[in-house]
Amino acid sequence: MAWRSGSSVGYRYSSAIAIVCWLLCLLNPARAQDYRPVAGAPSHWAAFAKLVTTHFEANISADDEIANRFRSYLVEHRGKDDGPPQAFTVQTWVGAQGTIEKVAFPPLKNVQADADLHTLLARGTVGMSPPPDLLQPLNLRLSLNIN
(Lines give C-alpha, C1' and ligand atoms only; values in the text may rest on other atoms or scores of the structure.)
Protein backbone atom coordinates (compact mmCIF):
# COMPACT_ATOMS: atom_id res chain seq x y z
CA MET A 1 0.00 0.00 0.00
CA ALA A 2 1.19 3.52 -0.71
CA TRP A 3 0.08 6.62 1.05
CA ARG A 4 0.43 10.05 -0.47
CA SER A 5 0.09 13.36 1.28
CA GLY A 6 -0.64 16.57 -0.55
CA SER A 7 -0.04 18.92 2.35
CA SER A 8 3.29 20.31 3.46
CA VAL A 9 4.81 21.57 6.64
CA GLY A 10 7.46 24.27 6.31
CA TYR A 11 10.22 25.19 8.69
CA ARG A 12 12.34 28.34 8.67
CA TYR A 13 15.92 28.28 9.88
CA SER A 14 17.91 31.17 11.32
CA SER A 15 20.30 30.81 8.38
CA ALA A 16 17.44 31.77 6.02
CA ILE A 17 17.29 28.27 4.63
CA ALA A 18 13.89 26.68 4.59
CA ILE A 19 13.36 22.97 4.41
CA VAL A 20 10.01 21.53 3.54
CA CYS A 21 9.39 17.88 4.17
CA TRP A 22 6.13 16.11 3.80
CA LEU A 23 5.16 12.54 3.74
CA LEU A 24 4.69 11.40 0.17
CA CYS A 25 4.08 7.77 0.71
CA LEU A 26 4.77 4.78 2.86
CA LEU A 27 5.25 1.87 0.56
CA ASN A 28 6.69 -1.49 -0.06
CA PRO A 29 8.65 -0.92 -3.30
CA ALA A 30 7.37 -4.20 -4.70
CA ARG A 31 3.81 -2.89 -4.38
CA ALA A 32 4.38 0.68 -5.54
CA GLN A 33 1.40 0.46 -7.89
CA ASP A 34 -0.98 0.34 -4.88
CA TYR A 35 -2.23 3.69 -3.66
CA ARG A 36 -3.99 4.81 -0.51
CA PRO A 37 -5.31 8.39 -0.37
CA VAL A 38 -4.48 10.59 2.61
CA ALA A 39 -7.95 10.10 4.04
CA GLY A 40 -7.38 6.34 4.14
CA ALA A 41 -3.98 6.41 5.89
CA PRO A 42 -3.80 6.01 9.65
CA SER A 43 -3.26 9.31 11.44
CA HIS A 44 -0.49 7.77 13.54
CA TRP A 45 1.55 7.22 10.36
CA ALA A 46 1.34 10.92 9.55
CA ALA A 47 2.17 11.85 13.14
CA PHE A 48 5.26 9.64 13.07
CA ALA A 49 6.33 11.05 9.69
CA LYS A 50 6.03 14.55 11.15
CA LEU A 51 8.25 13.46 14.04
CA VAL A 52 10.87 12.23 11.55
CA THR A 53 10.75 15.48 9.58
CA THR A 54 11.15 17.46 12.80
CA HIS A 55 14.20 15.31 13.56
CA PHE A 56 15.61 16.05 10.09
CA GLU A 57 14.94 19.76 10.58
CA ALA A 58 16.77 19.83 13.90
CA ASN A 59 19.79 18.02 12.46
CA ILE A 60 20.08 20.26 9.41
CA SER A 61 19.63 23.42 11.47
CA ALA A 62 22.08 22.34 14.20
CA ASP A 63 24.97 24.63 15.06
CA ASP A 64 27.83 22.24 14.38
CA GLU A 65 30.54 21.83 11.77
CA ILE A 66 28.69 19.41 9.48
CA ALA A 67 25.35 21.24 9.51
CA ASN A 68 27.05 24.62 9.02
CA ARG A 69 29.09 23.27 6.11
CA PHE A 70 25.98 21.75 4.49
CA ARG A 71 23.98 24.97 4.81
CA SER A 72 26.93 26.93 3.38
CA TYR A 73 26.96 24.55 0.41
CA LEU A 74 23.26 25.22 -0.15
CA VAL A 75 23.78 28.98 -0.12
CA GLU A 76 26.94 28.96 -2.24
CA HIS A 77 25.81 26.42 -4.86
CA ARG A 78 22.17 27.26 -5.42
CA GLY A 79 21.41 27.20 -9.13
CA LYS A 80 24.89 25.96 -10.05
CA ASP A 81 25.77 22.70 -11.81
CA ASP A 82 26.89 21.10 -8.55
CA GLY A 83 24.04 22.62 -6.55
CA PRO A 84 21.26 20.74 -4.79
CA PRO A 85 18.10 19.66 -6.59
CA GLN A 86 14.96 21.59 -5.71
CA ALA A 87 13.29 18.51 -4.30
CA PHE A 88 13.93 14.80 -3.91
CA THR A 89 12.68 11.78 -2.01
CA VAL A 90 14.50 10.49 1.05
CA GLN A 91 13.84 6.87 1.93
CA THR A 92 14.09 6.46 5.68
CA TRP A 93 14.24 3.30 7.76
CA VAL A 94 13.59 3.70 11.48
CA GLY A 95 14.54 0.96 13.95
CA ALA A 96 12.41 -0.40 16.77
CA GLN A 97 13.97 2.04 19.27
CA GLY A 98 13.37 5.07 17.02
CA THR A 99 16.94 5.18 15.70
CA ILE A 100 17.40 6.24 12.10
CA GLU A 101 18.85 3.02 10.70
CA LYS A 102 19.34 4.08 7.09
CA VAL A 103 18.60 6.91 4.69
CA ALA A 104 18.80 6.78 0.92
CA PHE A 105 18.34 9.52 -1.64
CA PRO A 106 19.62 10.34 -5.12
CA PRO A 107 23.26 11.40 -4.77
CA LEU A 108 24.03 15.09 -4.69
CA LYS A 109 26.50 16.26 -7.32
CA ASN A 110 28.86 17.53 -4.62
CA VAL A 111 30.51 14.58 -2.83
CA GLN A 112 31.11 16.45 0.45
CA ALA A 113 27.54 17.81 0.56
CA ASP A 114 26.19 14.32 -0.18
CA ALA A 115 28.19 12.83 2.71
CA ASP A 116 27.17 15.69 5.01
CA LEU A 117 23.46 15.25 4.24
CA HIS A 118 23.69 11.49 4.84
CA THR A 119 25.36 12.16 8.18
CA LEU A 120 22.81 14.80 9.19
CA LEU A 121 19.75 12.76 8.29
CA ALA A 122 21.02 9.53 9.85
CA ARG A 123 21.94 11.07 13.20
CA GLY A 124 20.32 9.96 16.39
CA THR A 125 16.85 8.90 17.31
CA VAL A 126 13.45 10.40 16.56
CA GLY A 127 12.37 9.99 20.18
CA MET A 128 9.97 7.08 19.90
CA SER A 129 9.48 3.74 18.20
CA PRO A 130 7.69 3.64 14.86
CA PRO A 131 4.12 2.35 14.88
CA PRO A 132 4.18 -1.44 14.56
CA ASP A 133 2.01 -1.34 11.42
CA LEU A 134 4.07 1.37 9.71
CA LEU A 135 5.29 0.38 6.26
CA GLN A 136 8.98 1.08 5.68
CA PRO A 137 10.84 2.72 4.24
CA LEU A 138 9.15 6.05 4.81
CA ASN A 139 9.44 8.03 1.59
CA LEU A 140 9.70 11.67 2.58
CA ARG A 141 9.79 14.48 0.06
CA LEU A 142 12.63 16.85 0.91
CA SER A 143 12.86 20.34 -0.52
CA LEU A 144 15.73 22.63 0.32
CA ASN A 145 14.70 26.22 -0.34
CA ILE A 146 16.99 29.14 0.26
CA ASN A 147 15.23 32.38 1.10
Side-chain angles (χ1 to χ4, degrees), residues 1-71 73-74 77-78 83-147:
M1 279 290 165
W3 180 62
R4 184 179 178 99
S5 172
S7 63
S8 65
V9 180
Y11 300 95
R12 185 174 286 279
Y13 298 108
S14 60
S15 64
I17 297 173
I19 183 174
V20 180
C21 290
W22 65 94
L23 185 61
L24 270 183
C25 53
L26 301 167
L27 60 93
N28 175 340
R31 298 187 50 157
Q33 71 278 6
D34 291 342
Y35 175 79
R36 181 188 277 180
V38 173
S43 61
H44 60 283
W45 288 7
F48 189 77
K50 184 175 181 180
L51 185 65
V52 174
T53 52
T54 300
H55 175 75
F56 287 171
E57 169 205 330
N59 289 350
I60 291 173
S61 65
D63 186 18
D64 65 40
E65 180 182 355
I66 296 171
N68 290 336
R69 183 174 55 225
F70 182 71
R71 290 191 308 270
Y73 156 78
L74 293 176
H77 295 268
R78 180 180 187 194
Q86 289 186 354
F88 54 95
T89 299
V90 178
Q91 291 185 304
T92 308
W93 289 262
V94 183
Q97 302 303 314
T99 303
I100 301 295
E101 299 289 333
K102 179 181 174 184
V103 293
F105 52 85
L108 300 179
K109 294 177 184 176
N110 181 290
V111 175
Q112 183 65 60
D114 187 75
D116 287 347
L117 185 57
H118 270 95
T119 298
L120 292 168
L121 297 181
R123 275 187 186 164
T125 179
V126 298
M128 67 181 288
S129 299
D133 63 338
L134 180 73
L135 300 176
Q136 292 200 50
L138 281 81
N139 290 291
L140 302 172
R141 183 89 170 148
L142 181 71
S143 295
L144 301 171
N145 298 314
I146 302 169
N147 296 327

Steps toward side chain to side chain contact (heavy atoms under 4.5 Å, CB included) verdict (Glu101, Val94): CA-CA 5 Å; Glu101 299 289 333; Val94 183; 6.0 Å; no
Throw together a table of side-chain donor-acceptor distances under 3.5 angstrom for residues 117-124, partners on residues two or more places apart or in other chains.
unit_1: His118; atom_1: ND1; unit_2: Asp114; atom_2: O; d: 3.1
unit_1: Thr119; atom_1: OG1; unit_2: Ala115; atom_2: O; d: 3.0
unit_1: Arg123; atom_1: NH1; unit_2: Asp64; atom_2: OD2; d: 2.7
unit_1: Arg123; atom_1: NH2; unit_2: Asp64; atom_2: OD2; d: 3.2

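- In this structure, CD1 in Ile60 is found 5.5 Å from CZ in Phe70, a value given to the nearest 0.5 Å.
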Worked check of side chain to side chain contact (heavy atoms under 4.5 Å, CB included) between His55 and Asn59: CA-CA 6 Å; His55 175 75; Asn59 289 350; 3.2 Å; yes
Stepwise side chain to side chain contact (heavy atoms under 4.5 Å, CB included) check, Asp133 with Trp45: CA-CA 9 Å; Asp133 63 338; Trp45 288 7; 3.3 Å; yes
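- Taking each heavy atom of Pro130 and Gln136 in turn, the nearest pair found is CG-NE2, 3.9 Å.
- Contact of the Leu140 side chain with the Thr53 side chain is registered, since non-hydrogen atoms from C-beta on lie closer than 4.5 Å.
- Side-chain contact between Tyr73 and Asn68: absent, with no pair of heavy atoms (C-beta onward) separated by less than 4.5 Å.
- Rounded to the nearest 0.5 Å, atoms CG (Asp116) and CD (Glu65) are 8.5 Å apart.
- Ile100 has its side chain within reach of Val126: a pair of non-hydrogen atoms, C-beta onward, lies under 4.5 Å apart.
- Residues Leu108 and Pro85 have side chains in contact (heavy-atom distance under 4.5 Å, counting atoms from C-beta outward).
- When atom types are taken as modelled, the side chain of Thr89 and the backbone of Asn139 share no donor-acceptor pair closer than 3.5 angstrom.
- Residue pairs meeting the ring-ring contact (aromatic ring centres under 6.0 Å, His included) criterion with at least one member in residues 119-143, sequence neighbours excluded, do not occur.
- Nearest heavy atom pair, residue Ala62 against residue Arg71, reads O-NH1, 2.9 Å.
- Enclosure of atom CD in Gln97 is not indicated, since only 12 or fewer non-hydrogen atoms of other residues, nucleotides or ligands lie within 6.0 angstrom.
- Across all their heavy atoms, Val90 and Phe56 have their closest contact at CG1-CE1, 4.3 Å.
- In plain terms, the two heavy atoms of Trp93 and Ala104 that are nearest each other are CZ3-CB, 4.0 Å.
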